[in-house]
Amino acid sequence: MNCTHTARLLPLYAGDDLDGRRALAVKSHLRSCPACRELAEEYAASGRWLCARAAPAFDDEFFADLRASVRREIARGGAPAGFWQRLAPRRGWRPAPALVAALLLIVGGLLASSRLLRTLDPPPPPVLAEAPPPTAVEDEGFGGREIKPGRAPRRRPRAFASFTVALKESPPEQEPEAEPEMLRLEIQTADPSIRIIWLIPQDKALTESD
Amino acid sequence: MPGEAAEIALMTDNMRPADSGSTPLAQLIARARAGEAEAFDELVLCHQRRVAATAWRLLGSREEARDAAQEVFLRVYRHLGKYDPRQDFSGWLYRITVNVCRDLRRKRGRPGQTASLDAEPDRPAPDDTEAGAIRAQQQAILARALATLSEKERAAIVLRDLEGLPTEEVARLLGSTQGTVRSQVCSARAKIKLYRDRLLGRAR
């Protein structure tokens, strides 16, 4: 091992960070090289110099203030991380308003679904028929399909459960704004107060085949 | 002082990995996890010196060390429920301290550097005796010496040389390999020696 190689390894040798083989090689070189031996001693002294100055001067007041501020922050933040805090680790999250909002959503969803189930009918295909009244959807067949009275409404996929489509010709006397040649397409949504009305030129309207 | 005696006793317990809960430290942690405020206070009391000293060595500033120590204990408080009693509490605490100091450096806009060489040294300790003044001066010199290092070199040499942790433990705390840690420590020691040589007027 030459001096250049030894000088590169001396920082690790000074802190006992060399593996056995290389440590022995360095030690052997140091026995025969005064310059490297002096360099090794300088590295050791540098390490001692560093450690001698590494003790910070923190007094009791510093630590008392530290403990007090920790207690203050904990008191400000509330109890240790409980169930809700573990669910929402983000700082500033407040569980109570979110819980209230979640409960309102659940209740609202239950009410909406119960109302939906009461007004749910088997999905009639589009028919040329009178527009159903806003508060109810009549059983209108399409293509000869009948809805037996007393039959429980069939559950539909949620996305389409609320739609019935009625294609009808707009009676001029009832819808003065519609052109006689326009076809009126009405879609009744699950919300009885919302109905979508399309006016389509009759010659371009899509008609259902029987 | 009773607090220091308790700290020494619990630090001795820290030297061996946490066992099933028979050591005083393990019992203290269990009580703190159960929500006992007094137990957590005692936990802070037992580890405050080590945490503050490590933070100061990593950050180079008394005020930043205080902020970092506060954040370390707040994180301990928040995550004590996640602490696995089978793992070493000291190692867990060191890891939090290193992460907090790194986050603090990045937050204050010094991601890769430590305190500036031109920065004002920390205000002297309340001890206004000659010994206190000498100590303050030595700490300023140390801060400047460590400021010549990169963030990774500083973390490696603080944990290896000043905290006395083995290379394997340092690598685990820093999320690195032993070879990388040795390389960083080697570079750091060379820079510290160079700084000291210049300070003492020795040019090589």
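All heavy atoms count here, side chains included; hydrogens, waters and symmetry mates do not. Below, read A as the first sequence line, B as the second, and so on, with proteins coming before strands; counting in each chain starts at 1. Computed from a predicted model, the values in this text were never measured in an experiment.
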Under 4.5 Å to a heavy atom of chain A? For Arg160(B) that would be side chain

Residues in residues 161-177 of chain B that sit under 4.5 Å from chain A, counting heavy atoms only | Asp161(B), Leu162(B), Thr167(B)

Answer yes when Arg49(B) and Asp59(A) have at least one side-chain N-carboxylate O distance shorter than 4.0 Å, and no when they do not.
-> no

Is there any residue in residues 181-192 of chain B with a non-hydrogen atom under 4.5 Å from a non-hydrogen atom of chain A, and which ones are they?
-> Arg182(B), Val185(B), Cys186(B), Arg189(B), Ala190(B), Ile192(B)

Contact summary for Leu74(B) and Val70(A), nearest pair of heavy atoms = CD2-O, 3.9 Å

Under 4.5 Å between any side-chain heavy atoms of Leu45(B) and Phe63(A), yes or no?
-> no

Are the side chains of Lys193(B) and Trp49(A) in touch, meaning some heavy atoms are under 4.5 Å apart?
-> no

Look up atom OG in Ser46(A) and atom CG in Asp197(B), then write down how far apart they are to the nearest 0.5 Å.
-> 7.5 Å

Under a 4.5 Å heavy-atom cutoff, which of Ser69(A), Cys51(A), Gly47(A) has the most pairs with chain B?
-> Ser69(A)

Structural part of Arg71(A) lying under 4.5 Å from a heavy atom of chain B = side chain

In sequence, state the C-alpha distance, the side-chain angles, and the governing distance for Ile74(A) and Phe73(B), and then conclude on side-chain contact (heavy atoms from CB on, under 4.5 Å).
-> CA-CA 10 Å; Ile74(A) 289 173; Phe73(B) 288 116; over 6 Å; no

Among Leu18(A), Leu10(A), Leu12(A), which has the most heavy-atom pairs under 4.5 Å with chain B?
-> Leu12(A)

Taking all atoms of both residues into account, what is the closest heavy-atom pair of Arg196(B) and Glu42(A), and its distance?
-> NH1-O, 4.2 Å

Please work out whether the ring planes of Phe58(A) and Trp56(B) are parallel, tilted or perpendicular, with thresholds of 30° and 60°.
-> perpendicular

What heavy-atom pair brings Gln70(B) and Leu66(A) nearest, and what distance separates the two atoms?
-> N-CD1, 3.5 Å

Between the side chains of Arg53(A) and Gln139(B), does any donor sit under 3.5 Å from an acceptor?
-> no

Heavy-atom distances under 4.5 Å only: say whether Ile157(B) touches chain A with side chain, backbone, both or neither.
-> side chain

Measuring heavy-atom distances to chain B, does Asp65(A) have an atom under 4.5 Å in its side chain, in its backbone, in both, or in neither?
-> both

